[in-house]
Each structure stands twice: as C-alpha cells, then as structure tokens.
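Read through the structure below, which is laid out as structure tokens, and then see the notes.
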Protein chains: 2
Amino acid sequence: MSAEAAARRPVRRTRRGDEKSEQIRLAAAEMFLERGFDGVSLDEIVKAVGGSKANVYTHFGNKEGLFAAVVEGLCEGFLASVVAIDASGLSPEEGLARLARALVETLLQDRHLAFHRLMIAESGRFPALGRVWFESGPETSRRALARFVAAQQRAGRLDAGDPHRAATLFHDMVTFNLLVRAMLGDRPSEGEIGQTIDAAVAVFLRGYAGRSIIP
Amino acid sequence: MSAEAAARRPVRRTRRGDEKSEQIRLAAAEMFLERGFDGVSLDEIVKAVGGSKANVYTHFGNKEGLFAAVVEGLCEGFLASVVAIDASGLSPEEGLARLARALVETLLQDRHLAFHRLMIAESGRFPALGRVWFESGPETSRRALARFVAAQQRAGRLDAGDPHRAATLFHDMVTFNLLVRAMLGDRPSEGEIGQTIDAAVAVFLRGYAGRSIIP
DNA sequence: TGAATACCATACCGTACAGTACTATTTGGG
DNA sequence: CCCAAATAGTACTGTACGGTATGGTATTCA
C-alpha cells in the first residue's frame with residue numbers, strides 16, 4: 001500500500017506487460033468482489049489468469065498493491081451513467097426523480113453491492129482506499145445532485161440553501177435504506193423503490209419549496 | 001452456522017461453564033470488532049482469555065458458531081439509550097432533534113463503527129446474522145422515531161402519512177453521511193453534526209407540516 | 001465421597017497462504 | 001538478429017490457522 005509497496009514495477013514497460021497486468025487486475029477484481037481481500041489467494045488469481053505468481057509481484061509489489069490497483073480501477077465506472085444524466089431541462093420533481101432512479105438502479109446492481117461491501121469491510125485496513133472510494137462514490141453522486149439543485153435555484157424554482165447539503169440529504173434519503181437492505185440480501189421490490197423515491201422527492205420539494213430556513 | 005454448528009454444547013451446564021463461555025464471548029467480541037472474522041484466530045482468543053481451545057469448541061461448535069454468538073450478543077445494547085428516550089412531551093422540532101442527537105452520538109462511537117463495519121463486511125458470508133443486525137439496529141432506530149412521529153400525528157402536530165416511512169427518511173438523512181464518513185476515519189465535527197441534524201429536522205418538518213402528499 | 005464430566009494444557013495434523021528462488025522460454029528494442 | 005529483460009513454470013520456505021486427540025486436573029451433582 002505505501003509508496004514502496006507497488007514500486008517493484010518492471011523496469012521496461014511493454015505492450016505485453018500492460019496487457020498482462022490489465023488481465024490480472026480484471027480477474028482479481030471479480031474475485032475480490034466476490035470473496036473479499038482475505039478470501040482470495042494469489043495462487044487462485046494466477047491460476048485464473050494464467051502466468052506466474054512472480055510476475056504479479058513484479059507488477060504490483062505484493063497482494064496489497066494489487067488490491068489497491070484493483071480498487072482504484074473499480075472506483076471509476078460505477079457512477080458514469082448517473083453523472084452523464086442531463087436533467088437541466090426537467091422540472092424539479094422530474095429531475096430529482098430521474099437522477100434518483102438512475103442512482104438507485106446503479107447502486108443496487110450485484111456488482112456494486114459487492115463493491116460497497118468490500119470498501120466498508122476493508123476501509124479499516126486500507127484507509128486511503130476508503131477515502132478514494134468515498135470521493136468517487138457517494139460524494140460524486142451528491143455532487144451530481146447538487147449541480148441539479150443549484151441549477152434549479154438559479155432558475156428560481158428551488159430555495160435550498162447550500163446545494164451540496166441539500167443534495168446530501170436527498171441522496172441519503174433515497175439510498176441508505178434501499179442500499180443496506182439490498183446488501184443484506186433482502187432486495188427491495190420495484191414498488192418499494194418507487195415509493196421511496198417518490199416520498200424523498202416529495203419531502204425534499206416541500207421542504208425547499210419556499211424560502212429556505214436552513215443556515 | 002447451521003443448526004448443528006453450535007450444537008456441541010457441554011451436556012451438563014454449570015455456573016463455571018457459563019462464566020467461561022461468557023468470558024470467551026466478551027474477549028472474542030473485542031477482537032472481532034477490532035480485526036474482523038478472518039483477522040482473529042482461535043489461538044489468539046484462547047490466549048487472551050485463558051483456557052483451552054478444545055473448550056471453545058465444546059461451547060460454540062466452531063469458529064462460526066462463536067462468531068454468531070458474539071454478534072447476537074452485540075446486537076442488543078447499542079441502541080438502548082436511544083430507545084429509552086421519552087420525547088413525547090416535546091415539540092416536533094425538539095423531539096426529533098433530541099432523538100437524532102442521541103442516535104448520532106451512539107452510532108459514531110468507535111465501538112459501534114467497528115460493529116457496523118463488521119456486519120456489512122460479513123453479511124455476505126453470514127446472511128442470517130445480517131438480518132438479525134438489521135432488525136436490532138437500523139430498524140430499531142427507525143421504529144423509535146416512528147413512534148414519536150405517530151404520537152405527533154395523533155396530537156395533530158404532524159401529517160406525515162405512513163410514520164415508519166417518514167421515520168426512515170428522517171433516520172437516513174441524519175445518519176448516512178455522518179456514519180459513512182466516520183467509518184472512513186474522517187470524523188465529523190460537532191458543528192457538522194449539529195448542522196446535519198438541524199437541516200434534516202427543518203426539511204422533515206417543512207415537508208410534513210401541512211397535509212401529506214405521500215401515498 | 002465418588003463417579004461423571006467439564007475444563008486445562010499441549011501436542012499434533014492437514015491445509016493453505018504470502019512471498020521467494022531459480023531455470024527455461026519468450027519478447028522486443030537497438 | 002541479438003541480448004537484456006519480461007514472463008512462465010514450478011518448486012520451495014516459513015508460517016499460520018482451524019480443528020482434533022490425549023491425558024491429566026478441577027467441579028459438580030447425586
């Protein structure tokens with residue numbers, strides 16, 4: 001994890017080497033997602049991807065270095081579809097609902113649930129990775145929501161005080177319960193998802209329709 | 001974990017035996033909280049508490065059985081101070097703020113953060129334990145909030161539709177962001193905690209002051 | 001008190017894992 | 001084409017762990 005851990009890179013970068021380390025990263029990602037850091041051995045990874053264990057060490061230094069590379073790769077990508085949404089032409093109701101819907105659909109994917117679990121589980125052992133994840137995950141979602149809130153404020157359709165704080169409240173109303181329940185294997189139904197989003201949108205808009213009382 | 005896992009109990013229960021298994025559970029709890037299921041070996045636990053490894057097996061069957069006993073013991077206790085609060089005499093503002101404050105103070109304790117991390121981490125491997133935790137944790141908090149909301153509704157001071165749904169939204173606004181950040185080692189300041197609670201209370205009350213539009 | 005049995009101490013078994021050593025083979029830039 | 005370096009293959013080391021076996025000691029209950 002620390003600077004020298006991932007330092008034993010091959011001294012000469014080659015196309016083949018990049019491809020190989022990419023293969024290792026991708027295969028390791030799926031296995032870590034499925035069984036956690038301790039649940040996967042390097043021997044398994046090597047067996048799955050082919051090649052030799054020594055080569056893993058030349059690319060990633062050690063198991064923790066490989067894990068860090070895997071996590072950093074996974075951090076990007078999950079929220080791309082949410083961030084790409086342009087809701088600027090929609091009403092506050094429609095925009096919030098649309099963003100919330102996309103967010104929930106992303107978060108409840110099995111792959112993301114596994115990733116979320118992995119990050120919470122290992123953020124004690126890898127605090128730096130935990131922070132990378134927080135920025136590229138929850139904070140990225142909240143910023144996307146905050147951009148929409150700020151735009152609606154500029155258009156005079158919302159009075160929400162600090163847009164990021166308001167976006168955080170909305171984000172958390174929409175995601176927390178659904179996310180935790182899905183992580184425990186009790187997948188929320190479509191109906192429940194819709195009701196949660198509708199309720200969150202309603203509370204949010206009623207709370208921020210008039211002049212804000214939030215400092 | 002399954003039925004026969006924890007079945008190899010001592011055939012004769014004695015005071016000494018109960019004390020011993022209690023000691024084992026308590027010592028193991030602290031170690032599991034600190035380092036997770038895989039991070040603790042039975043040899044360590046035995047060394048910490050004294051006695052013999054074989055005896056751990058007669059009491060708990062195997063490592064998973066010990067873990068289950070530990071978790072079930074930990075589930076009770078964290079939220080006792082929150083559930084005990086009687087806010088019935090307070091205004092909606094004061095009552096919600098008081099409950100939220102107590103809840104956050106409980107959730108942000110190091111011991112609880114470790115417990116939360118442990119449950120998320122291991123809920124994949126121990127789904128039954130995950131459900132026990134969900135009921136005795138987040139759901140218990142939400143029910144306590146829902147009782148207060150329902151009482152305020154009966155008194156005509158709130159119109160929040162389904163109290164449990166409203167309580168869930170409030171609970172999640174108050175806890176999610178603070179909890180995740182604290183779990184990542186970025187402990188929120190007192191000021192941030194206060195602002196989060198104030199903002200959540202304000203949005204909630206403005207959202208539910210008038211006639212509810214929530215189905 | 002005495003027999004049943006819970007508990008202690010310790011050694012042990014089989015397995016699994018991170019990481020290394022070393023040789024053979026393949027690749028790729030000069 | 002050639003040689004330095006990357007990769008493959010594989011064997012190995014040391015360690016750690018879950019779980020069992022055994023034989024002796026302390027408790028408990030009748």
Side-chain angles (χ1 to χ4, degrees), chain A residues 1-2 4-28 31-32 34-71 122 125-126, chain B residues 1-2 4-28 31-32 34-71 122 125-126:
Chain A
M1 262 291 300
S2 50
E4 64 279 7
R8 201 189 331 171
R9 296 268 157 145
V11 301
R12 189 173 74 187
R13 287 192 58 176
T14 69
R15 193 176 54 83
R16 187 174 165 233
D18 289 349
E19 280 171 5
K20 194 70 199 180
S21 69
E22 186 74 1
Q23 286 171 30
I24 294 168
R25 260 188 44 221
L26 294 179
M31 302 171 84
F32 282 137
E34 202 173 333
R35 302 202 298 280
F37 181 76
D38 289 319
V40 181
S41 73
L42 285 173
D43 287 311
E44 284 177 289
I45 295 170
V46 168
K47 191 172 177 185
V49 78
S52 80
K53 190 156 58 160
N55 198 29
V56 175
Y57 280 84
T58 68
H59 277 291
F60 299 101
N62 55 20
K63 191 181 180 182
E64 295 188 357
L66 171 58
F67 185 70
V70 164
V71 167
E122 305 301 344
R125 188 166 15 178
F126 303 97
Chain B
M1 260 297 299
S2 48
E4 63 280 4
R8 202 189 332 173
R9 294 268 156 142
V11 301
R12 188 174 76 186
R13 287 192 58 176
T14 68
R15 194 176 54 84
R16 186 171 165 236
D18 288 349
E19 280 172 4
K20 194 70 200 181
S21 69
E22 186 74 1
Q23 287 171 29
I24 295 168
R25 261 189 43 222
L26 294 178
M31 302 172 84
F32 282 137
E34 202 173 333
R35 302 202 297 280
F37 181 76
D38 289 319
V40 181
S41 73
L42 286 173
D43 287 312
E44 285 177 289
I45 295 170
V46 169
K47 190 173 177 186
V49 77
S52 81
K53 192 158 55 163
N55 198 28
V56 175
Y57 279 83
T58 67
H59 276 291
F60 299 101
N62 56 22
K63 190 181 181 183
E64 295 188 357
L66 172 57
F67 185 70
V70 163
V71 167
E122 304 301 345
R125 190 165 14 178
F126 303 98

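- Of the candidate nucleotides D:dA21, C:dA18, D:dG18, C:dA18 has the atom lying nearest to any side-chain atom of A:Tyr57.
- The interatomic distance linking A:Glu64 (CD) with C:dA18 (C1') rounds to 11 Å, in whole Å.
- A donor and an acceptor atom sit less than 3.5 Å apart, one in the side chain of A:Lys53 and one in the base of C:dG19.
- In this structure, B:Phe37 places its CZ atom 19 Å from P of D:dA16, rounding to the nearest Å.
- Both B:Ala54 and A:Ala54 lie near DNA chain C, and the one whose nearest nucleotide falls closer to the 5' end is B:Ala54.
- Judged as a salt bridge (charged side-chain N to carboxylate O under 4.0 Å, His left out), and not counting sequence neighbours, B:Lys20 has no contacts.
- Between A:Arg35 atom CZ and C:dA16 atom P there is a gap of 13 Å when expressed in whole angstrom units.
- Remark: P of D:dC17 and CE of B:Met31 are 10 Å apart, rounded to the nearest angstrom.
- Taking only side-chain nitrogens and oxygens, B:Asn55 comes nearer than 4.0 Å to OP1 or OP2 of C:dC8.
- Heavy-atom distances under 4.0 Å link DNA chain D to B:Thr14, B:Arg16 of residues 13-25 of chain B, given in residue order.
- Rounded to an integer number of Å, the gap from CG of B:Asp43 to P of C:dC8 is 15 Å.
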Stepwise, does the side chain to side chain contact (heavy atoms under 4.5 Å, CB included) test hold for A:Glu122 with A:Arg125?
-> CA-CA 5 Å; A:Glu122 305 301 344; A:Arg125 188 166 15 178; 3.0 Å; yes
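- Listed nucleotides: C:dA18, C:dC17, D:dC17. Nearest to the side chain of A:Glu44: C:dC17.
- Legend: residues meeting side chain to side chain contact (heavy atoms under 4.5 Å, CB included) with A:Arg16, ordered by chain and number and at least two apart, are A:Thr14.
- When the side-chain nitrogen and oxygen atoms of B:His59 are compared with OP1 and OP2 of C:dC7, one or more of them lie within a distance under 4.0 Å.
- In this structure, A:Phe67 places its CZ atom 17 Å from C1' of C:dC17, rounding to the nearest Å.
- Nearest approach of A:Ser21 to A:His59, heavy atoms of both residues: CB-ND1, 3.6 Å.
- Using bins of under 30°, 30° to 60° and over 60° for the plane-to-plane angle, the ring pair B:Phe67/B:Phe126 lands in the tilted bin.
- Looking at residues two or more places apart in sequence or on another chain, you find a side chain to side chain contact (heavy atoms under 4.5 Å, CB included) between B:Ala69 and B:Arg25, B:Phe60.
- Rotation axes derived from the C1' atoms of the five outermost pairs at either end of the helix from C:dT1-D:dA30 to C:dG30-D:dC1 lie 30° apart, to the nearest 10°.
- Computed from coordinates, the A:Leu42 CG to C:dA18 P distance equals 5 Å when rounded to whole Å.
- With contacts defined as side-chain heavy-atom distances shorter than 4.5 Å, the pair B:Glu44/B:Lys47 does not qualify.
- Among all heavy-atom pairs drawn from B:Phe37 and B:Lys63, the shortest one is O-NZ, 2.9 Å.
- Note on A:Val40: only backbone sugar-phosphate atoms sit closer than 4.0 angstrom, heavy atoms only; bases stay farther off.
- Taking A:Lys53 as the reference, A:Leu42, A:Asp43, A:Val46, A:Tyr57 meet the side chain to side chain contact (heavy atoms under 4.5 Å, CB included) condition, with sequence neighbours excluded.
- Distance B:Phe60 CZ to C:dC7 C1': 14 Å, rounded to the nearest Å.
- Using a 4.5 Å heavy-atom cutoff, the side chains of A:Ile45 and A:Leu66 are in contact.
- For B:Lys63, counting side-chain heavy atoms from C-beta on, the closest listed nucleotide (C:dA18, D:dG18, C:dC8) is D:dG18.
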